[in-house]
Amino acid sequence: MPAQSKPAVSVELAGITKRFPGVVANHDIHLSVHQGTVHALVGENGAGKSTLMKILYGMQKPDEGTIAVDGEQVTFASPADAIARGIGMVHQHFMLADYLTVLENVVLGSEKLYGIGGAARDKIKEISERYGLGVRPDALVEDLGVADRQRVEILKVLYRGARILILDEPTAVLVPQEVDALFDNLRELKAEGLSVIFISHKLGEVLSVADEITVIRRGTTVGTAVPAETTSRQLAEMMVGSELPTPETAESTVTDKPVIEVENLTVYAAGGASLGETGAVGTAGGPGGTGAAGAAGGTAGGGLLADLVPTGGDAKRVLDDVTFTIHAGEVMGIAGVEGNGQTELVDALIGLKNADSGTLRFIGEEITSWPTRKRREQGVGYIPEDRHRHGLLLEAPLWENRILGHVTEKPNAYGKRGLWLDIKGAQADTRRIVEEYDVRTPGIDVTAASLSGGNQQKLIVGREMSHKPRFLIAAHPTRGVDVGAQAAIWDQIREARREGLAVLLISADLDELIGLSDTLRVIYNGRLVADADPATITPEELGSAMTGAASGHLEHVEPVAQAEPVAQPEPVAQAEPVAPAESVSQTEPVAQPEHLAQAEEAPEDEAR
């Protein structure tokens with residue numbers, strides 16, 4: 001493309017530097033985003049991507065450097081200033097109110113733009129149609145799937161007049177079909193002249209959707225790349241200095257020793273619309289107090305319904321008769337669109353939710369009624385899906401976070417039953433974890449909030465693996481981490497698996513699920529509806545089952561239809577000298593002579 005026809009620069013960051021105590025998050029970063037393009041920003045964990053975007057969105061101020069929007073230098077004191085200049089950000093964790101409609105979520109905080117009635121509804125419909133978003137203004141957000149919620153978030157920033165969109169890990173929770181739909185939406189935005197800054201760790205997706213890529217490493221810009229001239233391997237080497245890792249496990253380590261056995265597990269929602277089927281619940285479960293929920297959670301039980309579901313109300317099954325067994329040395333992967341019961345399954349296994357019916361056994365012993373601490377002490381490890389809510393105390397130092405979940409265990413405690421905290425022991429082990437797991441931090445006394453998301457995740461994985469669990473619940477263990485950290489976490493899981501660890505792996509990364517798992521199950525509306533062989537299944541086939549389009553045992557179907565036309569000319573040529581008129585009518589294609597003539601000319605076409 002000639003230099004003069006290159007699109008105008010919509011955003012330019014020059015010499016951006018940002019320092020925190022003990023850390024230089026950004027150092028002399030340069031980024032130019034052109035109008036009507038998708039510009040990908042990639043880098044390892046702690047490289048400074050999030051800090052840079054917070055600066056662009058007005059959440060933080062740079063210590064040095066300048067920001068220019070449409071050629072005009074600007075300074076932002078808050079996100080409101082950035083929004084006023086046409087910059088919008090869609091965060092990785094959606095910021096929507098479940099019990100409000102799409103319209104109410106979109107207008108919230110921007111009522112002055114188009115009001116809250118007909119004009120706002122018309123504007124939402126106009127934006128939705130213009131960019132192919134397919135958003136329904138009157139739909140309740142709680143009824144929407146993950147991909148629809150993301151489109152609502154995109155519409156929210158467009159409604160506020162954004163011409164520059166920052167998308168933070170937008171494909172982290174989408175199945176392949178939803179990723180394709182998102183990329184179609186991004187192409188619509190590009191066609192209208194909008195600019196998109198696309199932050200992702202999925203390098204294949206970056207190469208397929210971006211027009212230009214900027215790579216950040218250790219807080220500074222290391223270069224730009226043109227997707228058409230770059231491979232995933234080259235991009236990974238620019239990011240972390242090593243090749244792109246794969247989650248494959250070559251050898252099977254599955255034994256016949258059951259570690260965790262789940263039988264007929266059912267959990268009801270604590271009121272409100274949720275997943276699964278509805279079951280009438282009285283004071284002790286179903287009609288007449290004979291229901292399964294009543295047996296577990298009536299007036300004498302420990303279930304959720306006794307306290308949280310009104311007498312005679314309708315409760316919905318968020319987990320419906322779930323049964324599976326995981327053996328020593330086995331990784332069982334659970335695939336499913338988020339919101340189909342994965343969270344409730346994890347909560348029931350770790351003890352945050354009580355089972356309303358069914359049983360849990362851990363190494364032969366029933367643990368259905370065990371509290372969370374006892375499960376942890378007996379060898380259940382837990383990598384939570386939401387590290388901020390369930391994995392860390394963000395304002396506490398790293399060494400205190402090392403203790404979480406293992407308060408009564410060595411090296412965090414000593415004495416009978418671990419009654420006394422061993423602060424020096426916890427601090428020493430935190431230093432070991434920081435070293436072994438490459439947690440990028442100036443020291444163990446900084447708060448967990450000061451670490452990047454990927455480094456927070458490495459700290460959690462290090463903490464859990466340090467206690468040699470016998471059963472590990474790994475919910476999205478590599479979400480938001482770079483390729484280098486991914487490789488380290490995968491290696492830890494593979495190594496522990498070889499030593500007999502049983503793993504329940506829940507992930508939105510289908511390549512990770514297929515590559516690491518020994519067995520695969522699909523969860524949909526609170527039920528395990530399908531299973532698949534990881535050795536043969538493809539991400540597309542798995543994604544289809546996740547949307548409810550397939551159930552039972554998923555068989556991989558080889559695309560044989562493509563090979564058939566190649567063999568057709570040969571038998572026709574053999575049949576031609578002897579075929580009577582009837583034969584021609586049987587074979588149907590009357591235009592075969594032309595086809596044969598084309599086939600003879602094909603080598604010349606190939607040569608050209």
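Keep in mind that the numbers below use all heavy atoms, side chains included, and drop hydrogens, waters and symmetry copies. The residues of the chain are indexed from 1 along the displayed sequence.
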Report task. Answer yes or no: is there a donor N or O on one side and an acceptor on the other, between the side chain of T224 and the main chain of T214, under 3.5 Å? Result -> no
**Report entry** Contact check, side chains of L421 and V407, non-hydrogen atoms, under 4.5 Å
**Finding:** yes
Query raised in the report: Hey, does D347 have a side-chain heavy atom less than 4.5 Å from the side chain of V267?
Result: no
Query - Gap between atom CZ of R470 and atom CZ of F362 - 0.5 Å precision - result: 4.5 Å
**Report entry** Salt bridge present between E409 and R376 (N-O < 4.0 angstrom)
**Finding:** no
Requested in this report: Please lay out, stage by stage, how Q378 and I363 fare under the test side chain to side chain contact (heavy atoms under 4.5 Å, CB included).
Outcome: CA-CA 10 Å; Q378 295 303 310; I363 315 182; over 6 Å; no
Query raised in the report: Between the main-chain N or O of N525 and the side-chain N or O of N340, is there a donor-acceptor pair closer than 3.5 Å?
Result: yes
Report task. State the CE-CD1 distance between M465 and I489, to the nearest 0.5 angstrom. Result -> 10.0 Å
Query raised in the report: Would you say the side chain of N185 lies within less than 4.5 Å of the side chain of R151, judging by non-hydrogen atoms?
Result: yes
Requested in this report: Report yes if the side chains of L186 and L167 come closer than 4.5 Å at any heavy-atom pair, otherwise no.
Outcome: yes
**Report entry** Salt-bridge present (R498, E495; N to O < 4.0 Å)
**Finding:** yes
**Report entry** Short side-chain donor-acceptor distance under 3.5 Å, E330 and T519
**Finding:** yes
Query raised in the report: So, do D518 and R497 sit near enough that their side-chain heavy atoms are less than 4.5 Å apart?
Result: yes
Query raised in the report: Does the H39 side chain pair with the main chain of S32, one donor and one acceptor, at a distance under 3.5 Å?
Result: yes
Report summary line: Value for CG (N401) from OG1 (T447), rounded to nearest 0.5 Å, stands at 9.0 Å
Query raised in the report: Under 6.0 Å from the NE2 atom of H467, do we count more than 12 heavy atoms belonging to anything else shown?
Result: yes
Requested in this report: Identify the residue among I334, D531, L542 that makes a side-chain contact (heavy atoms from CB on, under 4.5 Å) with V522.
Outcome: L542
Query raised in the report: Can you tell me if T255 uses its side chain to pair, donor with acceptor, with the backbone of G329 under 3.5 Å?
Result: no
Query raised in the report: Under 3.5 Å, is there a donor-acceptor pair between the side chain of K458 and the main chain of D438?
Result: yes
Report task. To the nearest 0.5 Å, tell me how far E366 CD sits from E261 CD. Result -> 10.5 Å
Query raised in the report: Any idea which heavy atoms bring L516 and V331 closest together, and the distance?
Result: O-CB, 3.5 Å
Requested in this report: Could you tell me whether the side chain of R375 and the main chain of L349 form a donor-acceptor pair under 3.5 Å?
Outcome: yes
Query raised in the report: So do the side chains of L501 and V259 get within less than 4.5 Å of each other, counting heavy atoms only?
Result: no
Query - Pair T37-E212, side-chain donor/acceptor within less than 3.5 Å - result: no
**Report entry** Residues L265, L345; criterion side chain to side chain contact (heavy atoms under 4.5 Å, CB included); working and verdict
**Finding:** CA-CA 9 Å; L265 175 63; L345 176 59; 4.0 Å; yes
Report summary line: Of all heavy-atom pairs linking A475 and V346, the shortest is CB-CG2, 4.5 Å
Query raised in the report: Any sub-3.5 Å donor-acceptor pair from E153's side-chain atoms to M95's backbone N or O?
Result: yes
Query raised in the report: Can you tell me how far the CZ atom of R521 sits from the CD1 atom of I326, to the nearest 0.5 Å?
Result: 10.0 Å
Query raised in the report: Does any donor atom in the side chain of R432 or S466 lie under 3.5 Å from an acceptor atom in the other side chain?
Result: yes
Requested in this report: Establish, from distance only, whether the side-chain atoms of H406 and E464 form a donor-acceptor pair under 3.5 Å.
Outcome: yes
Query raised in the report: Is it true that a side-chain atom of R463 and a backbone atom of G391 form a donor plus acceptor pair closer than 3.5 Å?
Result: yes
Query - P62 vs N26 side-chain heavy atoms within contact, under 4.5 Å - result: no
Query raised in the report: Which is it for L504 and I260 under the side chain to side chain contact (heavy atoms under 4.5 Å, CB included) test, yes or no, and what are the steps along the way?
Result: CA-CA 9 Å; L504 177 72; I260 193 78; over 6 Å; no
Query raised in the report: From E344 CD over to T266 OG1, what is the distance, rounded to the nearest 0.5 angstrom?
Result: 12.5 Å
**Report entry** Check: N264 main-chain N/O paired with T323 side-chain donor or acceptor under 3.5 Å
**Finding:** yes
Requested in this report: Report yes if some heavy atom in the side chain of D511 is under 4.5 Å from a heavy atom in the side chain of P539; otherwise report no.
Outcome: yes
Report task. Determine the minimum heavy-atom distance between A210 and P227, stating which atoms define it. Result -> O-CG, 3.1 Å
Requested in this report: Please report the C-alpha distance between T230 and I213 in whole Å, then the side-chain angles of each, then the deciding distance to 0.1 Å, and finally whether the side chain to side chain contact (heavy atoms under 4.5 Å, CB included) criterion is met.
Outcome: CA-CA 10 Å; T230 311; I213 302 167; 5.6 Å; no
Query raised in the report: Where the side chain of S507 meets the backbone of L513, is there a donor-acceptor pair that is under 3.5 Å apart?
Result: no
